[in-house]
2 protein chains.
Amino acid sequence: MQKQTFLTKNQQIVLNLVEKSSQPLKAYSILFNVQKKGLKAPLQVYRALDKLVEIGKIHKIESRNAFIACQDSSCQISKATAFSICESCEKVTEINNSKLSKYLNNFKDSSGMKYSKYNLEFFGLCKKCKNK
Amino acid sequence: MQKQTFLTKNQQIVLNLVEKSSQPLKAYSILFNVQKKGLKAPLQVYRALDKLVEIGKIHKIESRNAFIACQDSSCQISKATAFSICESCEKVTEINNSKLSKYLNNFKDSSGMKYSKYNLEFFGLCKKCKNK
DNA sequence: AATTTTTTGTTATAATATAACAATGTGTAA
DNA sequence: TTACACATTGTTATATTATAACAAAAAATT
Ligand SMILES: [Zn+2]
Ligand SMILES: [Zn+2]
Ligand SMILES: [Zn+2]
Ligand SMILES: [Zn+2]
């Protein structure tokens, strides 16, 4: 069997929901919202999420245990991700900055370990929240 | 009441255990290991962990839901952290690289949002695992 | 000593995530 | 085209991670 190149029904349902949301969604909130579409169990959601993360359609915000649609069309796979997170309103934005990604992709520490992947999360107050 | 400057008994017990470990520990593994010292419930461990993270004695490895002692004496508070994580043996090392931290502390994206905190996790294979 | 705040102990429960296994579907190749 | 391999699904149960709520004790402040 070929490696899957399209999305299965469950994956498409989950992706549609995550893409409609402007903010990260939690797995059980996704589950709740797709139950009318026939996905009844957590595993069905987690499996779809796993695959969508693997192929880079969505990313997991680790510090929030939440999932957000990829906002960067050049981001084919979740191997170099950076996000800004507002600690007040929890707004999350994917950072697409080529200098930053170049810097981090080329980063080597003293251990000589070469990294194949990174995830960076910045925290602060967004403009809106700063002016309150 | 003054802000607490010393560690309470529970915090010290948890810190001792985490510091003895060369690798990140999970909360319930900590709980199991400190039960003989009198900490019986998850909350007692989580409370200690929260405080220890807050004051920078330990850090949370978000992608692993695990806690590691700070390996950088200059790291007074968990507001600028970077780790290398081996995806094979799960060895985690705190990265202490002043160029990197300067770069990230000064990073501004196009949104104009100024960040007060970041967490960076690099993934790859450590030397040992690469040579297998 | 009275007050305030922090820390603790305790029970219960919420939230996040995976194991195990049978059934079904889909692509590959004899 | 039919047998095979393997990916995906459905389902139930369970594991893992984390917090709510509240009463009691301990420590700092007045
Ligand atoms: Zn992306
Ligand atoms: Zn905000
Ligand atoms: Zn540190
Ligand atoms: Zn390794």
Side-chain angles (χ1 to χ4, degrees), chain A residues 1-18 21 23-55 57-68 78 87 90 92 119 121, chain B residues 1-18 21 23-55 57-68 78 87 90 92 119 121:
Chain A
M1 193 182 188
Q2 260 189 341
K3 211 157 190 188
Q4 178 193 317
T5 78
F6 55 90
L7 297 180
T8 67
K9 194 191 72 184
N10 289 358
Q11 291 159 13
Q12 192 63 62
I13 290 170
V14 169
L15 179 59
N16 286 346
L17 184 71
V18 176
S21 168
Q23 288 311 296
L25 295 178
K26 302 248 180 182
Y28 275 71
S29 141
I30 293 170
L31 174 59
F32 178 81
N33 279 285
V34 297
Q35 279 180 331
K36 58 185 91 96
K37 307 254 181 189
L39 283 83
K40 291 180 197 151
L43 247 197
Q44 297 175 292
V45 169
Y46 278 106
R47 280 170 178 159
L49 289 172
D50 284 351
K51 177 62 76 169
L52 291 168
V53 166
E54 187 190 325
I55 64 180
K57 290 288 191 182
I58 65 174
H59 303 300
K60 182 172 186 183
I61 308 301
E62 292 287 356
S63 66
R64 300 299 188 258
N65 297 318
F67 300 86
I68 192 170
S78 304
E87 289 187 295
E90 294 293 323
V92 172
N119 180 54
E121 298 181 3
Chain B
M1 192 181 189
Q2 259 190 342
K3 212 158 190 185
Q4 179 192 317
T5 80
F6 55 90
L7 298 180
T8 67
K9 196 190 71 184
N10 289 359
Q11 291 160 12
Q12 192 63 61
I13 290 170
V14 170
L15 179 58
N16 286 346
L17 184 71
V18 176
S21 167
Q23 289 309 298
L25 296 178
K26 301 248 183 184
Y28 275 72
S29 141
I30 293 170
L31 174 60
F32 178 81
N33 279 283
V34 297
Q35 279 181 331
K36 57 185 88 98
K37 307 253 180 190
L39 283 83
K40 292 179 196 151
L43 247 196
Q44 296 175 291
V45 169
Y46 278 105
R47 282 170 178 159
L49 288 172
D50 284 352
K51 178 63 76 168
L52 292 168
V53 166
E54 187 190 326
I55 64 179
K57 291 288 191 182
I58 66 174
H59 303 299
K60 182 171 187 183
I61 308 301
E62 292 286 356
S63 65
R64 300 300 188 257
N65 296 319
F67 299 85
I68 192 169
S78 303
E87 290 186 295
E90 294 293 324
V92 172
N119 179 55
E121 298 181 3

Rounded distance (nearest 0.5 Å) linking atom CG of A:N33 with atom CG of A:L39: 11.5 Å
B:Q44 side chain near C:dT8 phosphate (N/O to OP1/OP2, under 4.0 Å): no
Contacts of type salt bridge (Lys or Arg N to Asp or Glu O under 4.0 Å), residue B:R64, not counting sequence neighbours: B:E90
A:K40 NZ to D:dA13 P, straight-line distance once rounded to whole Å: 15 Å
Whole-Å distance separating the CG atom of A:L7 from the C1' atom of C:dG25: 17 Å
Spatial distance of atom CD (A:Q11) from atom CZ (A:F6) [nearest 0.5 Å]: 8.5 Å
Length of the line joining A:K37:NZ and D:dG10:P, which is rounded to integer Å: 15 Å
Atom-pair distance (CZ on B:F32; C1' on D:dT17), nearest Å: 18 Å
Residues forming a side-chain contact (heavy atoms from CB on, under 4.5 Å) with B:S63, sequence neighbours excluded: A:E62, B:I61, B:I85, B:E121, B:F123
At a cut-off of 3.5 Å, list every protein nitrogen or oxygen paired with a nitrogen or oxygen from nucleotides 19-22 of chain C, distance to 0.1 Å.
{"from": "C:dA20", "atom 1": "N6", "to": "A:R47", "atom 2": "NH2", "distance (Å)": "3.4"}

Comparing B:N65 and A:N10 on DNA chain D - which has the more 5′ nearest nucleotide: A:N10
A:E62 CD to C:dA15 C1', straight-line distance once rounded to whole Å: 16 Å
Gap between atom NZ of A:K51 and atom CG of A:L7 - 0.5 Å precision: 9.5 Å
Spacing of A:D50 atom CG relative to D:dA7 atom P, expressed in whole Å: 15 Å
Side-chain N,O (B:T8) to OP1/OP2 (C:dT8) below 4.0 Å: yes
Approximate separation, where rounding is to 0.5 Å, of A:L31 CG and A:L25 CG: 12.0 Å
Separation of atom NZ in B:K9 from atom C1' in C:dT8, rounded to whole Å: 9 Å
Partners passing side-chain hydrogen bond (donor to acceptor under 3.5 Å, both in side chains) against B:Q35 (at least two apart in sequence or in another chain): none
Proximity to the side chain of B:Y46 - top-ranked nucleotide from C:dG9, C:dT16, D:dT17: D:dT17
Atom pair CD1/CG of B:I55 and B:L15 - distance to nearest 0.5 Å: 7.5 Å
Contacting residues from residues 24-31 of chain B, given that a heavy atom lies under 4.0 angstrom of DNA chain C: none
Those residues that, when tested against B:D50, pass side-chain hydrogen bond (donor to acceptor under 3.5 Å, both in side chains) (two or more places apart): none
Below 4.0 Å: OP1/OP2 of D:dA18 and any side-chain N or O of B:K60: yes
